[in-house]
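Structure first, commentary second.
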Amino acid sequence: MIVDVICAGLNNIYTAKDNSFLTILHTLTYNHRFSAPTAPKPLAIVVARNESHVQGTILCAKEHGIQIRIRSGGHDCEGLSYVSDVPFIILDMFPFDSVLVDIVNQSAWVQSGATLGALYYNIAKHTNLHGFPAGVCPNVGAGGHFSGGGYGNLMRKHGLSVDNIIDAKLVDANGRIHDRKSMGEDLFWAIRGGGGASFGVILSWKIRLVPVTPRVTVFRVKRDIENGATDVVNTTNSSNKTVEVTFIGMFLGQTEGLMSLLNHSFPELGLVQSDCNEIPWINSTLYWYNYPIGSPIETLVNAPKGPEQYYFKTMSDYVKMPIPKESLESIWDLMIKVERVRMEWNPYGGKMHEIPPSETPFPHRSGNLFMIEYLTSWGEDGVIANNVYLNISRFFYEYMAPYVSHAPREAFLNYRDVNIGANYPSNETRVEIAQSYGTKYFGGNLERLVYVKSKVDPVTSSDMNRVYHLCSINY
Ligand SMILES: Cc1cc2nc3c(=O)[nH]c(=O)nc-3n(C[C@H](O)[C@H](O)[C@H](O)COP(=O)(O)OP(=O)(O)OC[C@H]3O[C@@H](n4cnc5c(N)ncnc54)[C@H](O)[C@@H]3O)c2cc1C
Ligand SMILES: *[C@@H]1O[C@H](CO)[C@@H](O)[C@H](O)[C@H]1NC(C)=O
Ligand SMILES: *[C@@H]1O[C@H](CO)[C@@H](O)[C@H](O)[C@H]1NC(C)=O
Ligand SMILES: *[C@@H]1O[C@H](CO)[C@@H](O)[C@H](O)[C@H]1NC(C)=O
Ligand SMILES: *[C@@H]1O[C@H](CO)[C@@H](O)[C@H](O)[C@H]1NC(C)=O
Ligand SMILES: *[C@@H]1O[C@H](CO)[C@@H](O)[C@H](O)[C@H]1NC(C)=O
Ligand SMILES: *[C@@H]1O[C@H](CO)[C@@H](O)[C@H](O)[C@H]1NC(C)=O
Ligand SMILES: *[C@@H]1O[C@H](CO)[C@@H](O)[C@H](O)[C@H]1NC(C)=O
Ligand SMILES: *[C@@H]1O[C@H](CO)[C@@H](O)[C@H](O)[C@H]1NC(C)=O
Ligand SMILES: *[C@@H]1O[C@H](CO)[C@@H](O)[C@H](O)[C@H]1NC(C)=O
């Protein structure tokens, strides 16, 4: 391979002739759709163990016109951190996994390869009075998660991860290392929700820890059609199959406070005291990930990497008007019919409505009632299964169009869906597709992102798709 010749100065390079190549490649390929034998393979994988490896990789790739795919936690929903349709190398950031908590200043430096579980765990080693607003899955990496927004159960109180990032270290397209001050406010703005890989390689983030109560109250209550789920979110059952609705909640306070709030604002749920558990915030991070109460918090750092063969497709929507009850019924009916689609509805409000849409590249703020995440997953291998399930997820997504945002139909970058820019099947040019993506993910912020991109990593006009796609450094 040319790569290990031209990048000979670098250590930690793995190519197809190394026995460990596939092992290293697949350790962090979370979505099995992109780790099949037929999936495109990188020319090489550089495992970054030092900043100089990152710099060297960037310079080497630039010199030789090879694309870099940057990988931290490997949870990209479309595998974009480890596949590409042009020749590429993977820059693996997993060794950059430290979390340094400064409890006096209520901040922490989090390296991009650190997982969310490790972040939460390290905070808890210092204090039970602080937490951080980020996602639910402990194995997601800070590198991709924060640069795509970082959406989780503390957001109504404290916003997204990006709303609590105060500094960052980044290697730019010329191999230079920057902090917030030297990168400037435009670039620092862009990497907080605009997708990191468009702008540089993020080495670490400085975050502001947020206050939590010594104990939080959590509940998970299930309602099905027969138990009045329909009146909480009304439904029908055409067969013996049913739709189950689970309400998962966390309250920064004790049961009494939660009960009295819900008695006023959400009596339909019928929450009772015995549904509630008061646990430390750190334990709640496991509860949200479905571990039973009492699980040791070490699970956050030892959690299994995921099912062996897990193929999935995610999509997202923003809902601005209540969905009529009759429509809910027809949605449940379709869920029963297609079987594989699961939805997560994440309510807005609070801090999410207070932050202006241009504050960060993440534009989906006030005006939204809730965000929907769609998840279709399967375990069967092969092109046929792929097509069947991708068709189901697309079919469901199209069905939901009347109930969600339109012009543009907004979408969340972290639930990346490479089909939203295009008709299906598509015959648009890549530029058209890329422009369409950009508007859905970033709304009015797209223009500023394109401006920053053209400043920090200029591309030629013939390659505008990379500019609008805002997805990988253009080498
Ligand atoms: C099981 C699961 C649960 C999830 N839960 C949530 C959730 O609760 N909330 C939420 O907001 N999202 C969630 N996501 C989405 C997740 O946040 C995004 O997929 C995120 O981008 C993953 O980050 P990563 O570092 O693990 O992924 P990677 O695949 O490593 O990277 C994702 C993207 O970021 C880029 N990137 C990675 N590291 C760097 C870096 N150091 N510098 C520059 N660019 C970089 C990659 O090139 C790629 O484009 C979930 C995804 C999965 C699969
Ligand atoms: C990283 O590389 C630099 C420059 O070669 C060196 O000074 C430093 O000690 C290295 N750091 C680690 C942790 O290896
Ligand atoms: C804490 O913050 C103060 C004020 O910003 C700063 O002077 C000090 O150096 C910080 N302490 C550490 C350990 O970073
Ligand atoms: C759902 O609501 C409709 C009208 O609102 C009602 O006619 C129907 O009986 C309800 N179904 C269930 C299962 O409660
Ligand atoms: C529904 O369940 C009942 C009892 O469990 C069973 O007898 C019946 O065959 C089922 N009907 C269908 C359509 O599956
Ligand atoms: C739905 O199915 C259940 C059995 O699973 C049955 O008990 C119930 O009466 C059905 N409800 C309606 C509205 O058809
Ligand atoms: C909530 O309402 C229930 C039923 O009306 C009542 O038993 C309970 O005391 C109320 N709890 C609070 C905290 O107001
Ligand atoms: C919380 O985590 C601790 C530490 O692992 C564990 O000992 C304890 O049982 C957990 N408590 C609850 C209520 O889950
Ligand atoms: C796609 O899925 C829908 C819903 O299950 C189905 O009606 C349709 O026939 C499928 N189309 C293809 C091409 O498989
Ligand atoms: C492909 O492009 C042509 C011309 O723009 C258009 O008429 C046609 O509908 C498109 N087909 C699809 C599947 O988008």
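Note that ligands are numbered from 1 as they come in the structure, with each ligand's atoms numbered from 1 the same way.
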Task: Distance-only donor-acceptor check, side chains Glu298 and Tyr121, under 3.5 Å - done: yes
- [ ] Answer side chain, backbone, both or neither: which part of Phe199 comes under 4.0 Å from ligand 1, heavy atoms only.
- [x] neither
TODO: Using distance alone, decide if ligand 1 has a nitrogen or oxygen within less than 3.5 Å of any nitrogen or oxygen in Ile202.
DONE: yes
TODO: Would you indicate whether Lys41, at its atom NZ, is surrounded by more than 12 heavy atoms from other residues, nucleotides or ligands within a distance under 6.0 Å?
DONE: yes
- [ ] Check each atom of ligand 1 against the heavy atoms of Asp76 and keep those under 4.0 Å away; list them by number with element.
- [x] 19 (O), 27 (O), 28 (P), 29 (O), 32 (C), 33 (C), 48 (C), 49 (O)
Open item on the list: Which option wins on minimum heavy-atom distance to atom 13 (C) of ligand 9: Ile392, Val388, Leu390, Asn391?
Closed with: Asn391
Task: Chi angles and distances behind the salt bridge (Lys or Arg N to Asp or Glu O under 4.0 Å) call for Glu185, Arg180 - done: CA-CA 7 Å; Glu185 287 303 301; Arg180 175 175 183 168; 2.8 Å; yes
Task: Trp281 six-ring face occupied by Arg215 cation (under 6.0 Å, within 45°) - done: no
- [ ] Answer with yes or no whether Gly294 contacts ligand 8, where contact means a heavy atom under 4.0 Å from a ligand atom.
- [x] yes
Open item on the list: For the 3.5 Å polar cut-off, considering only N or O atoms, please tell me whether Met93 and ligand 1 meet it.
Closed with: no
Task: Interfacing atoms of ligand 1 (cut-off 4.0 Å, heavy-atom, Gly135) - done: 7 (C), 8 (O), 9 (N)
- [ ] Give yes if a backbone or side-chain nitrogen or oxygen of Val140 is under 3.5 Å from a nitrogen or oxygen of ligand 1, and no if not.
- [x] no
Task: atom 7 (O) of ligand 8 within contact range, any protein heavy atom under 4.0 Å - done: no
Task: Residues Glu373, Arg342: salt bridge by 4.0 Å N-O rule - done: no
Task: Carboxylate-amine/guanidinium contact Glu51 Lys169, below 4.0 Å - done: yes
- [ ] Below 4.0 angstrom from a heavy atom of Arg71, which ligand 1 atoms are there? Numbered from 1 as shown, please.
- [x] 30 (O)
Task: Backbone or side-chain N or O of Gly196 under 3.5 Å from ligand 1 N or O - done: no
Task: Residue and atom name of the nearest protein heavy atom (relative to atom 3 (C) of ligand 9), distance in Å to one decimal - done: Phe395 CD1, 3.5 Å
Open item on the list: Is there a polar contact, in the sense of an N or O pair closer than 3.5 Å, between Tyr30 and ligand 1?
Closed with: no
- [ ] Check each of Phe370, Tyr403, Tyr374 against Trp345 using the ring pair (Phe, Tyr, Trp, His ring centres under 6.0 Å) test, and report the only one that passes.
- [x] Phe370
Open item on the list: I need the atoms of ligand 1 closer than 4.0 Å to a non-hydrogen atom of Gly143, numbered in the order shown.
Closed with: 37 (C), 38 (N), 39 (C)
Task: Per-atom contacts, ligand 1 versus Val136 - under 4.0 Å to a heavy atom - done: 8 (O)
Task: For Asn283, side-chain contact (heavy atoms from CB on, under 4.5 Å) partners two or more places apart - done: Ile279, Pro280, Ile297
- [ ] Nearest heavy atom to atom 39 (C) of ligand 1 wins, so pick from Ile68, Val54, Ile70, Leu413.
- [x] Ile70
Open item on the list: Could you check whether any side-chain N or O of Asn445 sits under 3.5 Å from a backbone N or O of Thr360, counting only pairs where one atom can act as donor and the other as acceptor?
Closed with: yes
Task: Lys313 with Asp417: basic N within carboxylate O range, under 4.0 Å - done: yes
Task: Test of proximity, Arg69 against ligand 1: N or O pairs below 3.5 Å - done: no
Open item on the list: Give me the residue, atom name and distance of the protein heavy atom closest to atom 5 (O) of ligand 8.
Closed with: Ile297 N, 2.9 Å
Open item on the list: Within the 4.0 Å heavy-atom shell around Ile279, which atoms of ligand 8 are there?
Closed with: 13 (C)
Open item on the list: One residue to check: Tyr82. Relative to ligand 1, which of side chain, backbone, both or neither has a non-hydrogen atom less than 4.0 Å away?
Closed with: neither
Task: Least distance between heavy atoms, Ile13 atom then Ala44 atom - done: CG2-CB, 4.1 Å
Open item on the list: Out of all atoms in ligand 1, which are within 4.0 Å of some heavy atom of Ser112? Include the element for each.
Closed with: 41 (N)
- [ ] Look only at interatomic distance and state if Ser81 has a nitrogen or oxygen under 3.5 Å from any nitrogen or oxygen of ligand 1.
- [x] yes
- [ ] Determine, stepwise, if the pair Glu339 / Lys337 fulfils salt bridge (Lys or Arg N to Asp or Glu O under 4.0 Å).
- [x] CA-CA 6 Å; Glu339 287 188 356; Lys337 183 172 164 248; over 6 Å; no
Open item on the list: Using a 4.0 Å cutoff against the non-hydrogen atoms of Cys137, which atoms of ligand 1 qualify?
Closed with: 1 (C), 3 (C)
Open item on the list: Please determine whether salt bridge (Lys or Arg N to Asp or Glu O under 4.0 Å) holds for the pair Asp179 and Lys206, giving the CA-CA distance in whole Å, both sets of side-chain angles, and the decisive distance to 0.1 Å.
Closed with: CA-CA 10 Å; Asp179 61 6; Lys206 188 179 186 185; over 6 Å; no
Open item on the list: Can you confirm, on distance only, whether ligand 1 has an N/O atom lying under 3.5 Å from any N/O atom belonging to Ala197?
Closed with: yes
Open item on the list: Check contact between Gly149 and ligand 1, using heavy atoms of the residue and a distance below 4.0 angstrom.
Closed with: no
- [ ] Decide whether an N or O pair under 3.5 Å exists between Gly141 and ligand 1.
- [x] yes
Task: Atom indices of ligand 1, in the order listed, that fall short of 4.0 Å to a heavy atom of Tyr151 - done: 7 (C), 8 (O), 9 (N), 10 (C), 11 (O)
- [ ] Calculate, to the nearest 0.5 Å, the distance between atoms CG and OG belonging to Leu449 and Ser198 respectively.
- [x] 8.0 Å
Open item on the list: Taking the six-membered ring of Phe312 as reference, does the cationic atom of Arg33 (NZ for Lys, CZ for Arg) lie under 6.0 Å from its centre and within 45° of its axis?
Closed with: no
- [ ] Compute the minimum heavy-atom distance from Gly200 to ligand 1 and say whether it is under 4.0 Å.
- [x] yes
Open item on the list: salt bridge (Lys or Arg N to Asp or Glu O under 4.0 Å), that's the test. Do Arg365 and Asp163 meet it? Break it down for me.
Closed with: CA-CA 12 Å; Arg365 302 285 187 170; Asp163 301 324; 2.8 Å; yes
Task: Per atom 12 (C) of ligand 8, closest listed option by heavy atom (Thr299, Asn283, Ile293, Leu300) - done: Asn283
- [ ] Mark the output for Phe312 as yes if a heavy-atom distance to ligand 1 is under 4.0 Å, and as no if none is.
- [x] yes
Open item on the list: Students often mix this up, so state it plainly: with edges at 30° and 60°, are the rings of Phe362 and Tyr318 parallel, tilted or perpendicular?
Closed with: perpendicular
